[in-house]
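Heads up: the structure comes next, in structure tokens.
Only heavy atoms go into these numbers, but all of them, side chains included; no hydrogens, no water, no symmetry mates. Lettering follows sequence order; numbering is per chain, from 1.
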2 protein chains.
Amino acid sequence: MNVEQAKAKFIQSWGTFGSEWGINRTMAQIHALLLISPVALSTEEIMAELSVSRGNANMNLRSLMDWGIVFKELVPGERKEYFVAEKDIMKVARQISRERRKRELEPVLGILSEIATINPGTSKEGIELKKVAGNIHEVALRVDDVLDKFSRSDENWFYKMVLQLMK
Amino acid sequence: MNVEQAKAKFIQSWGTFGSEWGINRTMAQIHALLLISPVALSTEEIMAELSVSRGNANMNLRSLMDWGIVFKELVPGERKEYFVAEKDIMKVARQISRERRKRELEPVLGILSEIATINPGTSKEGIELKKVAGNIHEVALRVDDVLDKFSRSDENWFYKMVLQLMK
DNA sequence: TAAAAGTTTCAGAAATAATTGAAAGTTTGA
DNA sequence: TCAAACTTTCAATTATTTCTGAAACTTTTA
């Protein structure tokens, strides 16, 4: 496998992996492209490299910036905007867990706790619903805690945890 | 909020949450319905409750069984098949991480290690690609390890881990 | 201040994913 | 063995998501 093939494979795999986890393919591919690029890229370069339209490139770049894993970089003397990805993979992982926690887990936590506190009445349905929602809420709260810890952690926290678990 | 409202809210939230994480909405809703049902349900009951077709119900039930979080239950004297969900939420979480690890993480690990071992040549592109793929591979291997540990762990492992992290 | 350079938006088009429903297939029991 | 009861499959349809491209908007510079 040569460098060109490896690059194509990396971008396409990252796209597939992303879409299996609810991230759109182009967004994941732009991220992949920026991750492996040694220099900042312009919208035009991204459009050309991935064969996507300006609108698509622009919207997904904005999303990536909203997620806090891609940044604008101003090249002195240039009008055009250039983009770079955060290269520290642990930082990227922490940032993604921070965002998904905030956007997706927190809202569900609210609903679960609401359901877990209903008056279940006397029906088996009500009792089971309350019980299950309570159980899920409990687990979800702990996941939330772990993600919070992780997203705030320093560079070595994760490795320390892995070591702990190896014992 | 009464029991009926809470039930509807639970099913719909679980559907939304699932689809944010790459699981189709109906599949997540069937799972939700079975989770909170105190008794095993037939395909007909699921179709009626969620207003979905027989084909849809059947395919998603099969998927849920492939994931190992829903099971057929044979009611003595009945021809019809009934379905129940695994109710232990930690078991469900472990089973889902086991499956996603196997289906989605492992294939990417293979590709990353392939890319991380290319001959990068002398170009900056090749060198950066190899470096980034290597870094991601390293982190992904550790995630893989943690998921493996988690999916094999006993009921209390997760709570012990959380306690460790609280210190 | 005007036009060139660049960015953003968004309605419609295209691509992808999910769903239906009816036909084919399977199992059971008389 | 056959038909009733039930399950599975899949081609066609429908819904959802993503993408395009051109127009509107913003910023810069001459």
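- We find that CZ of B:Arg62 is positioned 7 Å from P of D:dT8, with the value rounded to whole Å.
- Protein atom OH of B:Tyr82 is 14 Å distant from nucleotide atom P of D:dA5, rounded to whole Å.
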Pairs under 3.5 Å (N/O, protein and nucleotides 19-26 of chain D):
from   : atom 1 : to      : atom 2 : distance (Å)
D:dC19 : OP1    : A:Thr26 : OG1    : 2.4
D:dC19 : OP2    : A:Thr26 : OG1    : 3.2
D:dC19 : OP2    : A:Asn56 : OD1    : 3.3
D:dC19 : O5'    : A:Asn56 : ND2    : 3.3
D:dT20 : OP2    : A:Ser53 : N      : 2.7
D:dT20 : OP2    : A:Ser53 : OG     : 3.0
D:dT20 : OP2    : A:Asn56 : ND2    : 3.1

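- In this structure the side chain of A:Lys130 never reaches within 4.5 angstrom of the side chain of A:Ile115, judged on heavy atoms.
- Computed from coordinates, the B:Glu20 CD to D:dT17 P distance equals 11 Å when rounded to whole Å.
- Taking the 5' to 3' direction, DNA chain C first and last meets chain B under 4.0 angstrom from a heavy atom at C:dA18 to C:dT28.
- Note that CD of B:Glu49 and CD of B:Glu44 are 13.5 Å apart. Values are rounded to the nearest 0.5 Å.
- Side-chain contact between A:Ile36 and A:Trp14 is absent, with no heavy-atom pair separated by less than 4.5 Å.
- Checking side-chain atoms of B:Ser37 against main-chain N and O of B:Leu33 turns up no donor-acceptor pair under 3.5 Å.
- Geometrically, A:Arg103 engages A:Trp67 in a cation-pi contact defined by less than 6.0 Å to the ring centre and at most 45° from the axis.
- Annotation for B:Val92 and B:His31: closest pair CG1-CE1, 4.1 Å, computed over non-hydrogen atoms.
- Salt bridge annotation for B:Asp66-B:Arg62: absent, with no cationic side-chain nitrogen under 4.0 angstrom from a carboxylate oxygen.
- Residue B:Arg25 places its CZ atom among 12 or fewer non-hydrogen atoms of other residues, nucleotides or ligands, all under 6.0 Å distant.
- Here the P atom of nucleotide D:dT17 and the CD1 atom of A:Ile23 are 15 Å apart, to the nearest Å.
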